[in-house]
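Order of the sequence lines sets the chain letters (A, B, ...), proteins ahead of strands, with each chain counted from 1.
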There are 4 protein chains.
Amino acid sequence: MAGVDQETPRHRRTDPDRRDRIIDAALELIATEGVAGISHRKIAAAADVPLGSMTYHFAGMEELLREAFARFATSVSDQIDRRMDAAHDRDSAVDALVEHIEEDIFGSPRELVLTHELYTLAARRPEYRALTAAWMTKSRTSLERYFDPTTTRLLDALVEGLTIHRALDTAPPPPGLAREAVVRILGSTGAERPSS
Amino acid sequence: MAGVDQETPRHRRTDPDRRDRIIDAALELIATEGVAGISHRKIAAAADVPLGSMTYHFAGMEELLREAFARFATSVSDQIDRRMDAAHDRDSAVDALVEHIEEDIFGSPRELVLTHELYTLAARRPEYRALTAAWMTKSRTSLERYFDPTTTRLLDALVEGLTIHRALDTAPPPPGLAREAVVRILGSTGAERPSS
Amino acid sequence: MAGVDQETPRHRRTDPDRRDRIIDAALELIATEGVAGISHRKIAAAADVPLGSMTYHFAGMEELLREAFARFATSVSDQIDRRMDAAHDRDSAVDALVEHIEEDIFGSPRELVLTHELYTLAARRPEYRALTAAWMTKSRTSLERYFDPTTTRLLDALVEGLTIHRALDTAPPPPGLAREAVVRILGSTGAERPSS
Amino acid sequence: MAGVDQETPRHRRTDPDRRDRIIDAALELIATEGVAGISHRKIAAAADVPLGSMTYHFAGMEELLREAFARFATSVSDQIDRRMDAAHDRDSAVDALVEHIEEDIFGSPRELVLTHELYTLAARRPEYRALTAAWMTKSRTSLERYFDPTTTRLLDALVEGLTIHRALDTAPPPPGLAREAVVRILGSTGAERPSS
DNA sequence: AATGAATGAGACTTCATTCAT
DNA sequence: AATGAATGAAGTCTCATTCAT
């Protein structure tokens with residue numbers, strides 16, 4: 001199947017990467033210019049596909065947008081999952097969480113920007129809310145390996161708030177803030193971490 | 001000559017509210033259609049001003065956008081300020097905070113949406129980050145009447161995270177979550193407050 | 001449905017002369033109204049193509065302008081070439097040159113005007129200087145069939161100067177001026193040429 | 001009169017420099033951006049006068065353009081006049097002429113460009129032809145101090161042609177070309193200059 | 001006499017989509 | 001199945017001019 005392009009098949013079968021390439025290009029372009037700045041033309045050029053392909057593969061910009069953000073939400077929600085996966089106990093989970101807050105998002109403008117683009121879409125439209133809700137569910141599932149449901153919810157919200165404030169402020173937060181936050185949310189529930 | 005124009009003056013020469021009306025119309029339109037969906041034409045129509053007015057009063061869409069969000073940020077950051085203003089001690093401040101989380105934002109799709117549009121802009125561009133940073137500063141100043149600086153920062157971040165998760169989830173959060181969060185952040189610092 | 005469109009196909013899909021027609025229309029409009037007076041709209045109307053065609057076929061007004069003047073420069077530089085082609089010896093070449101000065105340009109306001117529009121562009125921008133330089137090279141090549149290089153250069157300059165002064169003066173020049181000029185430039189070089 | 005601005009005259013008399021400043025600014029802007037690129041706005045900004053002044057002082061762009069080019073034509077035609085003025089005999093007049101060809105115009109993009117803008121206008125419209133005709137008349141009068149009328153006309157045309165070709169070519173002309181041209185036009189009329 | 005405010009017209013360009021192939 | 005050609009609608013912005021002051 002794959003890899004038999006050379007022998008001139010009578011009917012060139014549909015190029016399976018085409019769609020993927022378009023979606024990736026769209027995502028990159030959204031990161032750069034915002035949802036407000038994209039267009040079929042720009043995406044087609046970035047993906048190096050003919051303009052006509054765009055409306056052939058996707059019914060409209062709407063559909064493309066939805067698929068692009070679905071891909072993004074999945075990929076980004078894998079992140080905290082991997083971090084929690086790598087942790088082996090509550091203590092290292094806390095460390096991982098702090099690192100996540102302090103590095104993952106601030107370290108990547110691309111993700112920061114795409115996250116907000118998605119939130120903006122989700123704030124207005126239920127279709128996208130499905131994406132953000134699934135993302136949250138996945139985050140929480142990851143966290144629940146080490147924390148009880150309520151603590152998990154609070155930690156999840158806290159991560160969100162700290163991350164956003166870190167990104168949207170002009171001055172950096174005081175050092176150690178993230179850890180302090182986590183410690184307070186944890187309170188006396190379960191094993192307490194001695195001051196690191 | 002032709003027509004019945006007598007009542008309306010041919011040229012509305014003086015209209016000092018013009019600029020303001022345009023800004024308000026822009027904000028309303030952004031709430032409805034998003035930054036991606038606005039245009040000079042639509043805003044002009046909504047504000048009932050000639051299209052030519054748009055670039056007369058604002059050097060470009062950029063300038064209009066910036067002024068619109070400046071107005072929004074100011075108005076919305078007054079909100080928590082007023083809530084804290086109305087509180088008279090730490091306990092009622094906590095109550096106010098919980099109410100703020102549970103009502104202010106979720107209660108108004110307009111504000112939720114505009115907030116995210118602004119965050120998206122701010123994530124990409126420093127000019128807008130100035131707006132969000134000022135907003136955060138104002139929130140914190142309000143909170144610092146009742147809480148120490150570190151607690152304030154954490155509460156502020158928590159409010160952000162809980163609000164967003166509330167808005168971007170498809171299921172409502174468990175009741176009492178906001179209060180539980182605040183209580184944990186407060187921890188044993190200062191006044192006791194028995195578990196609600 | 002409404003109207004009597006039956007005869008005309010709804011969408012004129014294939015029209016291979018489209019680009020050419022636009023260039024011609026542009027040139028004619030420049031002759032009439034000047035580079036300062038043209039616009040996509042006017043050219044589109046003159047060429048009977050949709051406005052949207054303009055930037056579809058040409059990346060911008062710049063590109064259209066360049067192609068239009070390239071066409072013009074080529075067509076006009078063919079002129080003296082043809083005249084020199086028709087001459088069979090030095091004497092008839094001189095006659096042809098005099099006729100060229102006295103008739104070709106003054107005889108056609110269109111060419112006069114377009115020439116100056118091109119010169120104005122070339123005075124400011126190297127891209128257009130490539131056109132005028134090629135034109136001059138071609139003129140000189142034509143003349144060098146009958147005259148040595150230095151004489152050719154001088155004749156070429158003289159033709160230019162006399163033509164322009166003829167066109168930009170309000171009174172006609174004294175009769176015989178062009179011939180006198182050529183005779184002087186030729187001087188005693190080569191064949192004598194008895195006073196006509 | 002001049003210099004009594006301090007004592008608050010009851011009625012601020014019309015600022016006599018205003019018109020001049022506008023004309024100069026227009027000329028400079030035309031040199032930079034071309035007739036095609038100017039506008040009331042840009043000129044007003046460059047002259048530092050209110051936009052409203054423009055149509056107050058000049059009936060329209062037409063009038064301003066005419067005055068600007070009248071000023072330019074006068075100033076530039078003074079140039080050769082001064083050169084001929086400085087010469088004291090036929091030989092030094094020839095030297096001055098050669099210098100004029102080789103330096104005056106090529107030395108100043110501004111003048112080159114403005115000259116062509118004027119020629120372009122004159123090629124199309126008689127009003128501007130009056131300007132170019134007067135300019136030529138003045139040039140010829142200057143030259144007739146040293147040369148007979150026919151020679152003058154030919155020299156004048158030659159200067160024109162050589163200057164233009166020098167400016168519109170991409171390669172520089174062979175050295176000594178201008179002098180060779182003048183020598184040939186002079187021919188055996190009057191005193192001949194030995195090859196320098 | 002002079003000008004700031006305002007605007008309708010029109011400038012160039014980009015766009016999503018359609019259609020014939 | 002896929003796409004190059006084409007276009008009508010709409011985008012932002014600039015403009016000359018008018019008018020009230």
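- The side chain of His40(D) sits closest to dT17(F) out of dT17(F), dC15(F), dG8(F).
- The shortest distance between the side-chain N/O atoms of Ser39(D) and the OP1/OP2 oxygens of dT14(F) is not below 4.0 Å.
- Taking a pair to require two hydrogen-bonding distances under 3.5 Å in either a Watson-Crick or a G-U wobble arrangement, dT21(E) pairs with dA2(F).
- Straight-line distance from the CG atom of Asp17(C) to the P atom of dA5(F): 15 Å, rounded to whole Å.
- Phosphate proximity of dT3(E) to Arg18(D): present, with a side-chain N or O under 4.0 Å from OP1 or OP2.
- For Thr55(D), no side-chain nitrogen or oxygen approaches OP1 or OP2 of dT17(F) to under 4.0 Å.
- Looking only at distances, a side-chain donor or acceptor of Arg19(B) sits under 3.5 Å from a matching main-chain atom of His57(B).
- Of the two residues near DNA chain F, Gly37(B) and Gly52(D), the one whose nearest nucleotide lies more 5' is Gly37(B).
- Glu62(B) has its CD atom 16 Å from the C1' atom of dG11(F), to the nearest Å.
- Side-chain contact check for Leu65(B) versus Ile30(B): some heavy-atom pair is nearer than 4.5 Å.
- Protein atom CD1 of Ile22(B) is 13 Å distant from nucleotide atom C1' of dA5(E), rounded to whole Å.
- Between Asp24(A) and Arg71(A), at least one side-chain N (NZ, or NE/NH1/NH2) sits under 4.0 Å from a carboxylate O, which counts as a salt bridge.
- Per the geometry, CG belonging to Asp48(D) stands 16 Å off P belonging to dA2(E), to the nearest Å.
- Of all heavy-atom pairs between Arg66(C) and Tyr128(C), the closest is N-OH, 3.7 Å.
- For Phe58(C) and dT14(E), the CZ to P distance is 16 Å, given to the nearest whole Å.
- Proximity of Arg41(B) to the phosphate of dG11(F): a side-chain N or O atom is located under 4.0 Å from OP1 or OP2.
- The phosphate of dT3(F) has OP1 or OP2 within less than 4.0 Å of a side-chain N or O from Ser53(A).
- With Thr132(B) contributing its side chain and Ala122(B) its backbone, the two residues share no donor-acceptor pair below 3.5 Å.
- Looking at heavy-atom distances under 4.0 Å, Met61(A) makes contact with sugar-phosphate atoms alone, never a base.
- Separating the CD1 atom of Ile43(B) from the P atom of dA10(F) is a distance of 16 Å, rounded to the nearest angstrom.
- In this structure, dA16(F) forms a base pair with dT7(E), meeting either the Watson-Crick or the G-U wobble geometry with both donor-acceptor distances under 3.5 Å.
- Taking the charged nitrogens against the carboxylate oxygens, Arg124(A) and Glu33(B) have no contact shorter than 4.0 Å, which rules out a salt bridge.
- Following rounding to the nearest Å, Arg19(D) (CZ) and dA2(E) (P) show an atom-to-atom distance of 12 Å.
- For Tyr56(B), the side-chain atoms get nearest to dT7(E) when compared with the rest of dT3(F), dC12(E), dT7(E).
- Rounded to whole angstrom, the span from the CG atom of Leu51(C) across to the P atom of dA9(F) amounts to 11 Å.
- Residue His57(B) has its side chain nearest to dA6(E) when only dT3(E), dA6(E), dT17(E) are considered.
- Position along DNA chain E of the nearest nucleotide to Ala59(C) versus Met54(A) favours Ala59(C) as the more 5'-ward residue.
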